[in-house]
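Mind having a look at this structure? Questions to follow.
Just so you know, these numbers come straight off a predicted model, no measurement behind them. Chain naming here is simple, since letters A, B, ... match the order of the sequence lines and numbering starts at 1 in each.
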Amino acid sequence: APLAELSGDHDFQLFLHKNLEFTRKIRGDVAALQRAVCDTFQLCTEEELQLVQPDPHLVQAPLDQCHKRGFQAEVCFTQIRAGLHAYHDSLGAVLRLLPNHTTLVETLQLDAANLSSNIQQQMEDLGLDTVTLPAEQRSPPPTFSGPFQQQVGGFFILANFQRFLETAYRALRHLTR
Amino acid sequence: TQQSGAELDCASVAVGAPVVPMGSAVTASCTIRRERCRGLEDGQPLISWLLDSEPMAGRQRRGVGGTEVSELRVPQLNRPQAKLWCCVEWNGTKQRVGVAEIRAGYPPGKPSNLSCLLDLGDYGLTCRWQQGADGHLPTNIMLKCATSRSPAVTGCTPQNGHSQCTVPRRLLQLYRPMELWVTATNALGTAESERLRIDPMDVAKLDPPTLQSIRSMPPQTDCVTLTWTMTPRNAHMELRCELRYRAPEDPSWGVLTGIAGHAGTVQHCKFLFGTLYHFQMRCRRDLARGYWSEWSVSRNYTTHEKAP
Amino acid sequence: TQQSGAELDCASVAVGAPVVPMGSAVTASCTIRRERCRGLEDGQPLISWLLDSEPMAGRQRRGVGGTEVSELRVPQLNRPQAKLWCCVEWNGTKQRVGVAEIRAGYPPGKPSNLSCLLDLGDYGLTCRWQQGADGHLPTNIMLKCATSRSPAVTGCTPQNGHSQCTVPRRLLQLYRPMELWVTATNALGTAESERLRIDPMDVAKLDPPTLQSIRSMPPQTDCVTLTWTMTPRNAHMELRCELRYRAPEDPSWGVLTGIAGHAGTVQHCKFLFGTLYHFQMRCRRDLARGYWSEWSVSRNYTTHEKAP
């Protein structure tokens, strides 16, 4: 049954509410790391770093199917999962940048992987096609030419991940009753 | 038969089974190789047994290759642990030449009352249970857990005999049901507890809220307005809280339920004028009716006198 | 000049020296490669600087290969740590395009008052010292030790800022003199403490003796006999001990010195009759006049009344 019909389904609604809370938790942890980058390196706002923004394809995580206009829940879910998978890997660069926050970054990677598998399992429960993203197939985190570039890179990975999560959060909320 | 003691030794003791159910029989045999026993002259060695310190007689016979063999049957072993000594009479003394450790007990009892609690500090899931009946044997206890889709079974092992252990965050899957159960295994069998199917987040232990301020609002009325907040690490949860209040002479607490949100203000009326009240609040996740947090630290407030 | 940031980047900041003596000048240059800065249109980029958050102006000139270069001289750097930001004006905003960390401080002060103590439990040599003046720079402190004949220098590193550390037994040579000293090194220099030349055994910390029994002996006289023992782990040492005694109203302790051996009895007379006395004993190695042990646990004894 098309996803829209299932939106009234109790299990699906419970899945949505739980993983909305999970996404809020992850967003809170990303915000904590953004504060750490600001405190440690005085890199606090995007407006000041326009000229040194790393290449756009720092992290591939398109969410075009999650925007209201052409909202395609099934494809949106798949895009969310792919983005979580990509950010899980790129957070490795933040791990190197903030050695004193290793536990928080590793928890964030665990949560990103958990949220992705929660979505996968829910799609399977709904009988939707799912792509299994092999957990072992990990790409190495991006590298940078120098310490300043690494700090700016870490800053933008977190800023972009926060934006990604906002869009994913709105998509999940869009499906709640 | 389990051989104990290499073939080159003076004696080797073999038991039918090193572990038997309590009260059942134990069979053993002791093989003496006279030439390997220092100072044992020719002639037939007289073999005898000690069950710990209790003398026992076996049936002795000539064995292969010039060895002497004694067969023993202990009709009923009633103690959890015993040593079975093979001895040879020598110069008027009873020489201990070989030993086997034997044990008696029961299959492990079934663990029960399994319950778990998620710590929101390190997101470790601590589970407790009641041990089954003691089998009097070395028992391996493990808490096992499996996520719904993956076959991998992980978990944790309780330390120094405690009936609890903590599954670390990296083995958990949050916001999806997991299965948890306790296994107890000894030489005579294995027992498993009931399986607990829970989403770890649904057994999260919340921090208590903090009552910030209490005022008579509007002033000189029987209404009171309180402001309260939750700790930041619970900020992402949708909560359901309740407030209780009580004057010292009240027999019981008045309770205000259904307070939603993470922080805010609550107004309630019909308080007595000029009376000292104790206030406390607690919260739990709205989603899963999980555990209540502890009650907040109590705050006292004396309501205004009535307007003249 | 120390280059920071590869040639492919929008900007690279180079400083004369990343660490300078406190209050001295710092020079830096910032090279902008316009084509590597996303969105920086043509025209001359206006380069400015921030020392942490304090605006600073540099001298700007055209550099090789179409680059723009700004040279900055900070006359006096008076804070231990600062960030030197290279900025470019763009769309009315000050864009941060490069940064260098600079530090100012002093060479490390000379560590002093080095003393060591050998623990007779694990035979670890714990040394303490007084830190020299703070150089306000990351400083590497190490206790170094060398045995008399071997060139190898070993030692230990103090943990979390403590001014002490323990040289493990395997690095020590007992019953022979060793040399110990403390070094403090930062970007501006190195300082060394005085050298301590000791045999670790000569700074052994002995366990206090134990007073076993105290009796008036011969009875009803002003003589008292005490028996005492040392802990077994000090048994191999030749010791020199002293006994002190005192009645509550005495202004000071009476002291009996020169007691030799590991255990034994001591007799002393001229005590007051029928008086309560406190007794304590301590020991040290006879060989090296090392550290005294702590005083033993105090023992009380009331002397006999005089014979009628």
Under-4.0 Å salt bridge between B/R169 and A/E106 |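 Here B/R169 does not pair with A/E106 in a salt bridge, since their nearest N and O are not under 4.0 Å apart.
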
Using side-chain hydrogen bond (donor to acceptor under 3.5 Å, both in side chains) as the criterion, point out the one residue from A/E21, A/H17, A/K18 that pairs with B/Y175.
->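 Answer to the side-chain hydrogen bond (donor to acceptor under 3.5 Å, both in side chains) test with B/Y175 among A/E21, A/H17, A/K18: A/E21.
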
Is the cationic atom of A/K25 (NZ for Lys, CZ for Arg) positioned less than 6.0 Å from the six-membered ring centroid of B/Y123 and within 45 degrees of its normal?
->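 Yes, A/K25 sits over the ring of B/Y123.
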
Search all heavy atoms of A/N118 against all heavy atoms of B/L174 and return the closest pair with its distance.
->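 Heavy-atom minimum between the residues: ND2-O, 2.8 Å.
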
Atom CG of A/D125 and atom CZ of B/R176: how far apart are they, to the nearest 0.5 Å?
->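 Reported value, rounded in 0.5 Å steps: 5.0 Å.
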
Region of A/D111 in contact with chain B, defined by heavy-atom distances below 4.5 Å =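 Both parts, heavy atoms under 4.5 Å.
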
Are more than 12 heavy atoms from other residues, nucleotides or ligands located less than 6.0 Å from atom CD of B/E179?
->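 Enclosed: over 12 neighbouring heavy atoms sit under 6.0 Å from CD of B/E179.
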
For the atom pair CD (B/Q173) and CG (A/L110), what is the distance rounded to the nearest 0.5 Å?
->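 With rounding to 0.5 Å, CD (B/Q173) is 11.0 Å from CG (A/L110).
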
Neighbour count >12 (heavy atoms, 6.0 Å) for atom CD, B/E294 |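 12 or below, so no.
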
Can you list the steps and then say if A/L14 with B/L287 is a side chain to side chain contact (heavy atoms under 4.5 Å, CB included)?
-> CA-CA 8 Å; A/L14 186 59; B/L287 257 174; 3.8 Å; yes

Interchain contact, A/Q122 with chain B, by part (heavy-atom threshold 4.5 Å) |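 The answer is both parts of A/Q122.
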
Side chains of B/E238 and A/R24 in contact at under 4.5 Å (non-hydrogen atoms) |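 Yes. Closest side-chain heavy atoms under 4.5 Å.
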
